[in-house]
Amino acid sequence: MSETAKLGMRIGYARVSTADQTLALQLDALRAAGCERIYQETASGKQTDRPELAQALKALRQGDSLVVWRLDRLGRSLAHLIQTVAAIEALGASFESITEKIDTHSATGRLVFHVFSALAEFERNLISERTREGLQAARRRGTKGGRKPVLDAIAVAQVRSLMADRSTSPAAIAQRFKISKSTLYKLVRSGDGAP
């Protein structure tokens, strides 16, 4: 650990996914790592709303460290992990994962995160490339991409007729055809029935 790391507060973050799991192992590791304050919560890693993580990030000051037991406790995906660590570093703080022995106070720790970031960017580019190629292949086969129309042509004609008649409220028409009011208005405006 660098001198800068010793000057700031070590703030821990512990998370389990379900109520039947225990935080004991993580809490023991975070205390042993010298964390003075530990934020803990029960929330799925995929859950975007994690109030205790938000509080832990809000508590960070320049020179502090956010410490987790393992990388997967912090981020719900590699991209989210990298984004969170970038936010931590923007505060002048650092990130540490005990299990993986990653500490962004060190040049090696920062290098590991740059590698992760490059891999995440590569993965996004591959997905985008595969999507474009898939759409092109579908067009060559004569398949139209995108979502299927919400309603068939007959139902769209009925919707337009009811809307033109004005004797039935838009809310009632939307409910009858099991569509939202915004979709209803898009159907009336469009010529092909696609929202």
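As a basis for the values below, the full set of heavy atoms in this structure was taken, side chains included, without hydrogen atoms, waters or symmetry mates.
For Arg61, there are no salt bridge (charged side-chain N to carboxylate O under 4.0 Å, His left out) partners, not counting sequence neighbours. The side-chain hydrogen bond (donor to acceptor under 3.5 Å, both in side chains) test applied to Glu52 returns no partner, not counting sequence neighbours. With sequence neighbours excluded, the residues forming a ring pair (Phe, Tyr, Trp, His ring centres under 6.0 Å) with Phe95 are Phe113, listed by chain and number.
Atoms CD and NZ, on Gln55 and Lys58 in that order, are 5.0 Å from each other to the nearest 0.5 Å. Atoms OG1 and CD1, from Thr104 and Ile88 in turn, are 7.5 Å apart once rounded to the nearest 0.5 Å. Taken to the nearest 0.5 Å, the CD atom of Glu96 stands 11.0 Å off from the CG atom of Leu71. Taking OG1 from Thr42 and CZ from Arg50, the interatomic distance works out to 12.0 Å, rounded to the nearest 0.5 Å. Here the CG-CG distance, from Leu91 to Leu60, works out to 6.0 Å after rounding to the nearest 0.5 Å. Atom NZ in Lys101 sits 9.5 Å away from atom OG in Ser97 (nearest 0.5 Å).
Between Thr84 and Leu57 there is a side-chain heavy-atom pair separated by less than 4.5 Å. Counting heavy atoms from C-beta outward, Thr22 and Val16 have side chains that stay 4.5 Å or more apart. A 4.5 Å side-chain heavy-atom check between Leu53 and Tyr39 finds every atom pair outside the cut-off.
Applying the side chain to side chain donor-acceptor pair (under 3.5 Å) test to residues at least two apart or on different chains, none of the pairs has a partner in residues 23-36. Sequence neighbours left out, not one pair with a member in residues 83-92 passes salt bridge (Lys or Arg N to Asp or Glu O under 4.0 Å).
Clustering ILVMFWY residues whenever any of their side-chain heavy atoms sit less than 4.5 angstrom apart, transitively, puts Leu162 in the very cluster that holds Tyr185. A single hydrophobic cluster is not seen to contain both Leu23 and Val68; linkage of ILVMFWY side chains at heavy-atom distances under 4.5 Å, directly or through other members, places them apart.
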**Working for side-chain contact (heavy atoms from CB on, under 4.5 Å), residues Val85 and Leu74** = CA-CA 9 Å; Val85 171; Leu74 181 65; 4.3 Å; yes
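Closest non-hydrogen pair, Ala29 versus Ile98, comes out as O-CD1, 3.6 Å. Of all heavy-atom pairs spanning Arg10 and Gly34, the tightest one is CB-O, 3.7 Å. In terms of heavy atoms, Ile11 sits closest to Cys35 at C-SG, 4.1 Å. Nearest heavy atom pair, residue Asp165 against residue Ser167, reads OD2-OG, 2.6 Å. Of all non-hydrogen atoms in Tyr13 and Leu66, the two that sit nearest each other are CB-CD1, 4.2 Å. Across every non-hydrogen atom of Val67 and Leu30, the tightest pair is O-CD2, 3.4 Å.
Judged purely by atom type and a 3.5 angstrom limit, Arg15 has no side-chain atom pairing as donor or acceptor with the backbone of Gln40. Judged purely by atom type and a 3.5 angstrom limit, Asp64 has no side-chain atom pairing as donor or acceptor with the backbone of Ala93. Side-chain atoms of Arg37 do not come within 3.5 Å of backbone N or O of Ala56 as any donor-acceptor pair.
For the residue pair Ser182 / Ser180, a side-chain donor-acceptor distance below 3.5 Å is found, with atom types taken as modelled.
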List the atom pairs, with distances to 0.1 Å, where a side-chain N or O of residues 169-177 and a protein N or O form a donor-acceptor pair under 3.5 Å, not counting sequence neighbours.
from	atom 1	to	atom 2	distance (Å)
Ser169	OG	Ala172	N	3.1

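Counting heavy atoms of neighbouring residues, nucleotides and ligands inside a 6.0 Å radius, atom CD1 of Ile127 exceeds 12 of them.
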